[in-house]
Colleague: 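Encoded as structure tokens, here's the structure I'll be asking about.
None of these values were measured; they are calculated from a predicted model.
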Amino acid sequence: MPNPQPDPRIGPNEVLRFFLELFALFSLGYWGYLAWPFPWPGVAFMIGTPLFAAIVWGLFRSPRARFPLDAFGRTIVEVAVMGSAALAWVMLDHPIIAAVFVVVAAVSGILNLRAEQRRDRQQ
């Protein structure tokens, strides 16, 4: 008999994903700070870019998303947010950081997608 309650335990991949999301937001803010002239539009991009990414993530990708999407839609949102953070590092001339971030985020995303699909099948 399927368990109607979600599993409250937090695994290592959920912790990793949390830090990846924080790093993505930091990356976008750092890009806004360095890539644009200060104070304007630098401050706007430094605050606005991670804020926009956080809103998109919260609305469409988070576990408590306001507008839940199917697996394909969640993947598109995740690739857009994480990919833009990686692109920010490439634009800042740090391709190694971008490559490591992309690999870790991709592996974590694949593991999370498989876990979500397992949960969806159980319900």
Colleague: Please report the shortest heavy-atom distance between G109 and R17, naming the atom on each side.
Modeller: CA-NH1, 3.5 Å
Colleague: Which residues pass the ring pair (Phe, Tyr, Trp, His ring centres under 6.0 Å) test with F52, not counting sequence neighbours?
Modeller: none
Colleague: Minimum heavy-atom separation for L25 to A53, with atom names?
Modeller: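 Reported closest heavy-atom pair: CD2-CB, 4.0 Å.
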Colleague: Do you reckon M82 sits in the same ILVMFWY cluster as I76, going by side-chain contacts under 4.5 Å, direct or chained?
Modeller: no
Colleague: Heavy atoms, side chains only, cut-off 4.5 Å: are V81 and R61 in contact?
Modeller: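 When only atoms from C-beta onward are counted, R61 and V81 do not touch, as no gap falls below 4.5 Å.
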Colleague: Is F38 atom CZ crowded by more than 12 heavy atoms from other residues, nucleotides or ligands, each under 6.0 Å away?
Modeller: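 Counting neighbours around CZ of F38, more than 12 heavy atoms of other residues, nucleotides or ligands fall under 6.0 Å, so yes.
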Colleague: Which pair of non-hydrogen atoms, one from L59 and one from A65, has the smallest distance, and what is that distance?
Modeller: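 Shortest heavy-atom contact: O-CB, 3.4 Å.
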Colleague: Are any of the side-chain nitrogens in R121 or E116 under 4.0 Å away from the carboxylate oxygens of its partner?
Modeller: no
Colleague: Membership question, hydrophobic clusters at under 4.5 Å side-chain separation (ILVMFWY): are L87 and W31 in the same one?
Modeller: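 Result: yes, single cluster for both.
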Colleague: Would R66 and F60 count as a side-chain contact (heavy atoms from CB on, under 4.5 Å) if you check the C-alpha gap in whole Å, the side-chain angles of each, and the deciding distance to 0.1 Å?
Modeller: CA-CA 7 Å; R66 178 87 167 155; F60 300 107; over 6 Å; no
Colleague: Check A71 against L113 and note the closest heavy-atom contact, atom names and distance.
Modeller: CB-CD1, 3.9 Å
Colleague: Linking I/L/V/M/F/W/Y whenever their side-chain heavy atoms sit closer than 4.5 Å, directly or via other members, would L92 and V43 fall into one cluster?
Modeller: yes
Colleague: Roughly how far apart are L20 CG and S108 OG, rounded to 0.5 Å?
Modeller: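 If I round to the nearest 0.5 Å, the distance is 5.5 Å.
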Colleague: For F23 versus I97, what's the shortest heavy-atom pair and its separation?
Modeller: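 Of all heavy-atom pairs spanning F23 and I97, the closest is CZ-CG2, 4.0 Å.
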Colleague: Can you hop from F101 to F26 via hydrophobic side chains spaced under 4.5 Å?
Modeller: yes
Colleague: What orientation do Y30 and Y33 show, parallel under 30°, tilted 30 to 60°, or perpendicular over 60°?
Modeller: parallel
Colleague: Can you pull out every side chain to side chain donor-acceptor pair (under 3.5 Å) where at least one residue sits in residues 85-95? Sequence neighbours excluded, please.
Modeller: S27-W89
Colleague: Taking atom CG of L16 and atom CG of L111, what is their separation to the nearest 0.5 Å?
Modeller: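 Output value for this atom pair is 9.0 Å.
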Colleague: What are the two closest heavy atoms between R74 and L69, and how far apart are they?
Modeller: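 Nearest heavy atoms, R74 then L69: NH1-O, 2.8 Å.
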Colleague: Mark yes or no for whether Q122, through its side chain, and R119, through its backbone, hold a donor-acceptor pair below 3.5 Å.
Modeller: no
Colleague: Side chains of W36 and M46: does their closest heavy-atom pair fall under 4.5 Å?
Modeller: no
Colleague: Does W40 belong to the same Ile/Leu/Val/Met/Phe/Trp/Tyr cluster as I47, with side-chain heavy atoms less than 4.5 Å apart forming each link?
Modeller: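 Linked within one cluster.
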Colleague: So, using side-chain hydrogen bond (donor to acceptor under 3.5 Å, both in side chains) as the criterion, who are the partners of T49 when residues are at least two apart?
Modeller: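 For T49 there are no side-chain hydrogen bond (donor to acceptor under 3.5 Å, both in side chains) partners, ignoring immediate neighbours.
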